[in-house]
Asker: 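A single structure is presented below for examination.
Residue numbering restarts at 1 for every chain, and letters A, B, ... go by the order of the sequence lines.
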Amino acid sequence: MTSLFAIVDCNNFYASCERVFNPALNSRPVVVLSNNDGCIIALSNEAKALGVKMGTPYFQARPQLEEYGVAVFSSNYELYGDMSRRVVETLQQFTPNLEVYSIDESFLDLGDFYKVDLQEYARTIKETVKQWTGIPVAVGVATTKTLAKVANRISKKSAKANGVLVLTDERHIEAALKRTEVGDVWGIGRRYANKLAGLGIHTAWDLRNVTDAFAKKHLTVVGLRTVKELRGESCMELEHMPPAKQNICTSRSFGKTLTELTELEDALATHTIRCATKLRKQKSCAGVITVFLMTNRFTEQHYYYSRTVKLDSPTNSELELLRHATKALKQMYRPSLQYKKAGVIVSDIVPANQVQLSLLTSHNTDRDNKLMQTLDSLREKYGNKFVKYGVQGSNEAIKKWELNRDHISACYTTDITGLLKVS
DNA sequence: TCTGGGGTCCTAGGACCC
DNA sequence: TCTGGGGTCCTAGGACCC
């Protein structure tokens, strides 16, 4: 029984999302910036054709962008998240055996579809997603996830393929792997690509033909799996249910540098609450919380402070996490430094229903759980900004550390608090 | 002036125990 | 006091992904 996978990948996803609700952009190059308007993280094909590169700091690219009349957007994750859901719902019409791999990519298990015309089927997927959501996608089909990714990549580049490539024929696979650079293989990053080049491995085809021992020695067992997948031996199953996260991190750069303890408390409280909310959403508790502060990493003197606290008993109560985070912050804080970024990481995560209550803390837990449930539903209804703690300060104070989002698009699919509009 | 955020997995080496 | 070996756990660092 041979496996069969499709990977459906949205083209230039964030840029495409901006275009869906603003058709005037269809004739213009579009870029989307990272948080804080820092770097370019998405480009339309037209912007790529101008030579603008992914990851470039906005302030460096800005003159060029203005010269060419490129449309520039701050990232709008409410919009992208909502569009992502629409794409997934469309794909679910084709098969329930689907893995949402990232905000813009899904794997489909086509294991039972050998009898259908795959080319035709893949094209129907692509056209349906475009028609129902407005988002252009590319579809790659093969017997392993890694080969499907290769097919997907080529389908975008080849005019003939036009966004759909079924890679099941041995001769076609060989040709595809020969024209794929080794660094473009899923699982081979820049470091490994350089290392492999030094060892005479330049294409995906070269990599497919190394021995198992060679792969394991130079690329660890992870790389060996990649090599096997390139040979057509499926080593990565579809993951229907994403496993609960083992670490959860919320961090942001500030719009401006901060020096005051109260401002940092405010920012970190918001991050802590987001971490706690994420924990509750996946029904987990964390046994360890880490708080970190850093100054600008691009200046000569760069400071990074962090403090890790092991809790008596795992929790997802933001009240308790806030207590520890605030205390840790006070211990780390040095006045007179220009802080640029802060964050909270919760780890040692366990399922909430497996938490052993310590006698010391158990009397609080019931009350906390009920309060957290209430807060979650209030926030879902009225938005995150609706419920706040004293430590989070007034709305005035928040402006100082909030992100720069000078080029944000309108909230087409959500209102300002992140609520779904009823349409 | 301005440089993102959030994850996973594997390995090597040290600490510690028997 | 000296000696050897093996197992486990933890951490830091390095690689990758989107």
Side-chain angles (χ1 to χ4, degrees), chain A residues 7-14 31-42 53-63 65 72-77 80-81 84 99-107 145-146 149 152-153 182-196 215-226 229 235-236 239 242-257 271 274-275 278-279 282 287-288 290 292 294-299 302 304 306 308 310 338 340-349 402-407:
Chain A
I7 174 102
V8 179
D9 183 323
C10 301
N11 302 347
N12 317 321
F13 183 55
Y14 298 167
V31 301
V32 178
L33 307 177
S34 64
N35 275 325
N36 233 6
D37 293 347
C39 298
I40 295 170
I41 55 167
K53 290 277 178 267
M54 179 95 142
T56 312
Y58 175 48
F59 74 93
Q60 275 173 18
R62 195 169 176 170
L65 299 178
V72 176
F73 291 92
S74 302
S75 39
N76 181 346
Y77 288 102
Y80 311 148
S84 177
E99 170 188 342
V100 180
Y101 176 67
S102 74
I103 194 164
D104 67 338
E105 285 176 63
S106 291
F107 284 104
K145 283 180 163 181
T146 305
K149 291 278 266 184
N152 186 284
R153 216 178 144 275
V182 74
D184 292 327
V185 173
W186 190 41
I188 305 297
R190 231 195 15 236
R191 291 293 180 87
Y192 277 160
N194 286 338
K195 183 173 175 175
L196 287 168
K216 194 169 176 191
K217 179 176 173 204
H218 295 289
L219 311 173
T220 83
V221 297
V222 182
L224 175 56
R225 223 161 39 210
T226 299
E229 287 236 322
C235 303
M236 294 184 243
E239 285 180 11
K245 299 210 187 315
Q246 299 173 36
N247 300 286
I248 292 173
C249 173
T250 305
S251 74
R252 289 286 181 283
S253 301
F254 307 129
K256 306 185 179 81
T257 56
H271 296 334
R274 283 219 63 203
C275 276
K278 290 179 192 171
L279 275 174
Q282 68 164 26
V288 168
T290 301
F292 66 86
M294 52 202 273
T295 58
N296 192 334
R297 66 192 165 103
F298 294 97
T299 55
H302 173 220
Y304 176 93
S306 75
T308 299
K310 183 145 178 52
Q338 301 284 319
K340 184 61 185 163
K341 182 173 175 176
V344 174
I345 305 164
V346 289
S347 48
D348 271 30
I349 289 177
E402 272 193 338
L403 300 173
N404 296 325
R405 292 173 104 189
D406 294 341
H407 305 276

Asker: If a stem is a run of at least 3 consecutive Watson-Crick or G-U pairs, both distances under 3.5 Å, which stems include DNA chain C?
Answerer: B:5-18 with C:5-18
Asker: Quick one: label K149(A) by what it contacts on the DNA or RNA (base, sugar-phosphate, nothing), any heavy atom closer than 4.0 Å.
Answerer: sugar-phosphate
Asker: Residues two or more places apart in sequence or in another chain: which of them pass salt bridge (charged side-chain N to carboxylate O under 4.0 Å, His left out) with D406(A)?
Answerer: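 Partners of D406(A) under the salt bridge (charged side-chain N to carboxylate O under 4.0 Å, His left out) test: none.
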Asker: Do any of residues 34-41 of chain A sit with a heavy atom less than 4.0 Å from DNA chain B, and if so which?
Answerer: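 DNA chain B contact set from residues 34-41 of chain A: S34(A), N35(A), G38(A), C39(A).
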Asker: Under the rule for side chain to side chain donor-acceptor pair (under 3.5 Å), what residues qualify as partners of T56(A), not counting sequence neighbours?
Answerer: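 Expected list: none.
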Asker: Checking H302(A) now: which residues fulfil ring pair (Phe, Tyr, Trp, His ring centres under 6.0 Å) with it, not counting sequence neighbours?
Answerer: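 In terms of ring pair (Phe, Tyr, Trp, His ring centres under 6.0 Å), with neighbours along the sequence ignored, H302(A) is linked to no residue.
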Asker: The criterion is side chain to side chain contact (heavy atoms under 4.5 Å, CB included); which residues satisfy it with N11(A), sequence neighbours excluded?
Answerer: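 For N11(A), the residues satisfying side chain to side chain contact (heavy atoms under 4.5 Å, CB included) (neighbours in sequence not counted) are P136(A), A138(A), K156(A).
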Asker: Restricting to side chain to side chain contact (heavy atoms under 4.5 Å, CB included), what partner residues turn up for V72(A), sequence neighbours left out?
Answerer: V31(A), L33(A), Y58(A), L65(A), H407(A)
Asker: For R191(A), check salt bridge (charged side-chain N to carboxylate O under 4.0 Å, His left out) against everything at least two apart and list the hits.
Answerer: none
Asker: Which residues satisfy the side chain to side chain donor-acceptor pair (under 3.5 Å) test with S306(A), sequence neighbours excluded?
Answerer: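 Side chain to side chain donor-acceptor pair (under 3.5 Å) list for S306(A), sorted by chain: empty.
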Asker: Would you please name every residue forming a side chain to side chain contact (heavy atoms under 4.5 Å, CB included) with S253(A), sequence neighbours left out?
Answerer: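 S253(A): side chain to side chain contact (heavy atoms under 4.5 Å, CB included) contacts with N36(A), K341(A).
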Asker: Under 4.0 Å from any heavy atom of chain A: name the first and the last nucleotide of DNA chain C that qualifies, 5' to 3'.
Answerer: dA15(C) to dC18(C)
Asker: Base, sugar-phosphate, or nothing for K216(A), non-hydrogen atoms under 4.0 angstrom?
Answerer: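 Nothing, no heavy atom under 4.0 Å.
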Asker: The criterion is side chain to side chain contact (heavy atoms under 4.5 Å, CB included); which residues satisfy it with S34(A), sequence neighbours excluded?
Answerer: C39(A), I41(A)
Asker: Do the ring planes of Y304(A) and F292(A) sit parallel (below 30°), tilted (30 to 60°) or perpendicular (above 60°)?
Answerer: parallel
